[in-house]
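Taking it in order: structure first as structure tokens, then the write-up.
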Amino acid sequence: QVQLVESGGGLVQPGGSLRLSCAASGRILSYNDMGWYRQAPGKERELVARITRGGITNYADSVKGRFTITRDNAKNTVDLQMNSLKPEDTAVYYCNADLLAVTHLFSRDYWGRGTQVTVSS
């Protein structure tokens, strides 16, 4: 019963900052890539940032220089620091983890339920 839980979403003014956190729990053997995705109303879910177990990062062009993804392998958490937020960043943000659970032979993607981020004046 793997579970990913996001926190830290909310309402912020343009130019402001938020920090999202994701914690994984359950019968997990190992963690591979982890990341953040977002989905705005009427749009497809898109990659925001991703980080490998070794710390290699990948960002969407729209957030480069503004967002920073980090992870704590000991705590099995992944954070997203969002600075200089824009109205177009408004979306539900989802945590994603590629991990191996004890009930499966192979790793697979797991998703959190999402946290709302609203950037508005």
Report task. With rounding to the nearest 0.5 Å, note down the distance linking OG in Ser62 to CG in Asp89. Result -> 7.0 Å

Query raised in the report: How long is the span from the NE2 atom in His104 to the CD1 atom in Ile28, to the nearest 0.5 Å?
Result: 12.0 Å

Requested in this report: Return each pair, listed once, that meets salt bridge (charged side-chain N to carboxylate O under 4.0 Å, His left out) where at least one residue sits in residues 72-88; pairs must be two or more places apart or across chains.
Outcome: Arg19-Asp79

Report task. Would you mind reporting whether Ser120 and Pro87 have side-chain heavy atoms less than 4.5 Å apart? Result -> no

Report task. Output the distance between atom CD1 (Ile51) and atom CD1 (Ile56), rounded to the nearest 0.5 Å. Result -> 8.5 Å

Query raised in the report: Aromatic rings Tyr94 and Trp111: how do their planes relate, parallel, tilted or perpendicular, breaks at 30° and 60°?
Result: perpendicular

Query raised in the report: Which atom pair, heavy atoms only, marks the closest approach of Gly35 to Ile69?
Result: CA-CD1, 3.9 Å

Query raised in the report: Do Val92 and Trp36 share a hydrophobic cluster, counting only Ile, Leu, Val, Met, Phe, Trp and Tyr and linking them when any side-chain heavy atoms are less than 4.5 Å apart?
Result: no

Query raised in the report: Which pair of non-hydrogen atoms, one from Thr90 and one from Val119, has the smallest distance, and what is that distance?
Result: OG1-N, 2.9 Å

Query - Reported CG-to-CG distance for the pair Asp33 and Asp109, which is rounded to 0.5 angstrom - result: 8.5 Å

**Report entry** Non-hydrogen atoms of Tyr93 and Met82 that approach each other most closely
**Finding:** CE2-SD, 3.9 Å

Query raised in the report: Considering all heavy atoms of both residues, which atom of Val12 and which atom of Gly16 are nearest to each other, and what is their separation?
Result: CG2-CA, 3.7 Å

**Report entry** side chain to side chain contact (heavy atoms under 4.5 Å, CB included), paired with Cys95, selected from Leu80, Thr115, Val78
**Finding:** Val78

Query raised in the report: Leu100 and Val102: same hydrophobic cluster, using ILVMFWY side-chain contacts below 4.5 Å?
Result: yes

Requested in this report: Could you list the residues that satisfy side-chain hydrogen bond (donor to acceptor under 3.5 Å, both in side chains) with Thr77, not counting sequence neighbours?
Outcome: none

**Report entry** Heavy-atom pair of closest approach, residues Leu18 and Gly8
**Finding:** CD2-O, 3.8 Å

Query raised in the report: For Gln81 and Ser17, which heavy atoms make the closest approach, and how far apart are they?
Result: NE2-CB, 4.0 Å

**Report entry** Worked check of side chain to side chain contact (heavy atoms under 4.5 Å, CB included) between Asn32 and Leu99
**Finding:** CA-CA 6 Å; Asn32 300 312; Leu99 55 83; 5.8 Å; no

**Report entry** Side-chain (Asp98) to main-chain (Met34) donor-acceptor, under 3.5 angstrom
**Finding:** no

Query raised in the report: Do Gln116 side-chain atoms and Gly9 backbone N/O form a donor-acceptor pair below 3.5 Å?
Result: no

Acceptor/donor pairs from residues 43-50 side chains to any protein atom, 3.5 angstrom cut, sequence neighbours excluded:
from: Glu46; atom 1: OE2; to: Arg38; atom 2: NE; distance (Å): 2.8
from: Glu46; atom 1: OE2; to: Arg38; atom 2: NH2; distance (Å): 3.3
from: Arg50; atom 1: NH1; to: Tyr37; atom 2: OH; distance (Å): 3.4
from: Arg50; atom 1: NH1; to: Asn96; atom 2: OD1; distance (Å): 2.7
from: Arg50; atom 1: NH2; to: Asn96; atom 2: OD1; distance (Å): 3.2

Report summary line: Value for CG (Leu11) from OG (Ser121), rounded to nearest 0.5 Å, stands at 10.0 Å

Requested in this report: Flag this pair as yes if the NZ/CZ of Arg108 is under 6.0 angstrom from the six-membered ring centre of Tyr110 and inside a 45 degree cone about the axis; otherwise no.
Outcome: yes

